[in-house]
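Positions are given from 1 along the sequence.
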Amino acid sequence: QRRIVFIAGGIGVTPLMSMLRHMRDTQAGTDVLLIYANRTEKDIVFQDELSEMELGEHPRLKVVHILSRAGEQWNGETGHVNPEKIQRLCGDNLDEKAFYVCGPPRMIDSVMRDLKELGVSKKRIHSERFSL
């Protein structure tokens, strides 16, 4: 896949980090958008490593954080992952991208419904439920 969208919730980013590290180490020419949802900025894991990876060339990574309980100093996205955010952040031709979704069960169910609502075919959506 050359155009990938990762959608992670909380610690569900962990398996996706493994994929990103592999892409970095093999110098994959892949475009990756990581939509990473957390409650607060303190909940973001791998923040420094993700920022560093964004500066590199392999993969071509863009990270968008979405916080449901953002503090007053937060200037990024707020709320939850929803169809409007997915469409706006991913742009056109959603069905030409591969989606990997990993996080808590409720988030997975919601994002899966959103992607189907946006016309993404089942074969382009991969998911892993992640909970402790």
Do [X] and [Y] make a side-chain contact, defined as non-hydrogen atoms from C-beta onward lying under 4.5 Å apart?
X: Leu34; Y: Val13; value: yes
X: Ile4; Y: Met23; value: yes
X: Leu50; Y: Met17; value: yes
X: Leu67; Y: Ile44; value: yes

- Look up atom CE in Met112 and atom NZ in Lys122, then write down how far apart they are to the nearest 0.5 Å.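 Interatomic distance, Met112 CE to Lys122 NZ, rounded to 0.5 Å: 8.0 Å.
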- Item | Atom pair CD (Gln87) and CG (Asp114), whose distance is rounded to the nearest 0.5 Å |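 The distance works out to 11.5 Å.
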Could you pull out all donor-acceptor pairs under 3.5 Å where a side-chain atom in residues 89-105 meets a protein atom, sequence neighbours excluded?
{"unit_1": "Asp95", "atom_1": "OD1", "unit_2": "Ser121", "atom_2": "N", "d": "2.9"}
{"unit_1": "Asp95", "atom_1": "OD1", "unit_2": "Ser121", "atom_2": "OG", "d": "3.3"}
{"unit_1": "Lys97", "atom_1": "NZ", "unit_2": "Cys90", "atom_2": "O", "d": "3.2"}
{"unit_1": "Lys97", "atom_1": "NZ", "unit_2": "Asp92", "atom_2": "O", "d": "2.9"}

- Query: Counting heavy atoms not belonging to Glu52, are there more than 12 under 6.0 Å from its CD?
  - Reply: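 Open: at most 12 neighbouring heavy atoms sit under 6.0 Å from CD of Glu52.
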- Step through the shown structure and confirm whether more than 12 heavy atoms of other residues, nucleotides or ligands are within 6.0 Å of CZ on Arg21.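 Count over threshold, so yes.
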- Which residue pairs satisfy the ring pair (Phe, Tyr, Trp, His ring centres under 6.0 Å) criterion with at least one member in residues 16-56, sequence neighbours excluded? Tyr36-His65
- Message: Check this for me, if you would: do Asp31 and Arg60 make a salt bridge, where the nitrogen-to-carboxylate-oxygen distance has to be below 4.0 angstrom?
- Response: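 Salt bridge present between Asp31 and Arg60.
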- Task: Look only at the side chain of Asn82 and the backbone of Glu84, and say whether a donor-acceptor pair between them is shorter than 3.5 Å.
- Result: yes
- Judged by atom type as modelled, is there a donor-acceptor pair below 3.5 Å linking the side chain of His58 to the main-chain atoms of Arg24?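 Checking the backbone N and O of Arg24 against the side chain of His58, no donor-acceptor pair under 3.5 Å is found.
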- Message: Side chains of Ser51 and Asp48 only: does a donor on one sit below 3.5 Å from an acceptor on the other?
- Response: no
With a 3.5 Å cut-off and sequence neighbours excluded, list the donor-acceptor pairs that the side chains of residues 69-81 form with protein atoms.
{"unit_1": "Trp74", "atom_1": "NE1", "unit_2": "Gly76", "atom_2": "O", "d": "3.3"}
{"unit_1": "Trp74", "atom_1": "NE1", "unit_2": "Glu77", "atom_2": "O", "d": "2.9"}
{"unit_1": "Glu77", "atom_1": "OE1", "unit_2": "Arg88", "atom_2": "NH2", "d": "3.0"}
{"unit_1": "Glu77", "atom_1": "OE2", "unit_2": "Arg88", "atom_2": "NH1", "d": "2.7"}
{"unit_1": "Glu77", "atom_1": "OE2", "unit_2": "Arg88", "atom_2": "NH2", "d": "3.3"}

Which heavy atom of [X] sits nearest a heavy atom of [Y], and at what distance?
X: Pro15; Y: Glu128; value: CG-OE2, 4.1 Å
X: Gly10; Y: Asn38; value: CA-OD1, 3.3 Å
X: Met107; Y: Gly9; value: SD-CA, 3.4 Å
X: Ile11; Y: Thr14; value: O-OG1, 2.8 Å

- Task: Test Ile7 against every option in Ile125, Val64, Leu33, Ile35 by the side-chain contact (heavy atoms from CB on, under 4.5 Å) rule and name the one that passes.
- Result: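 Only one of Ile125, Val64, Leu33, Ile35 forms a side-chain contact (heavy atoms from CB on, under 4.5 Å) with Ile7, namely Ile35.
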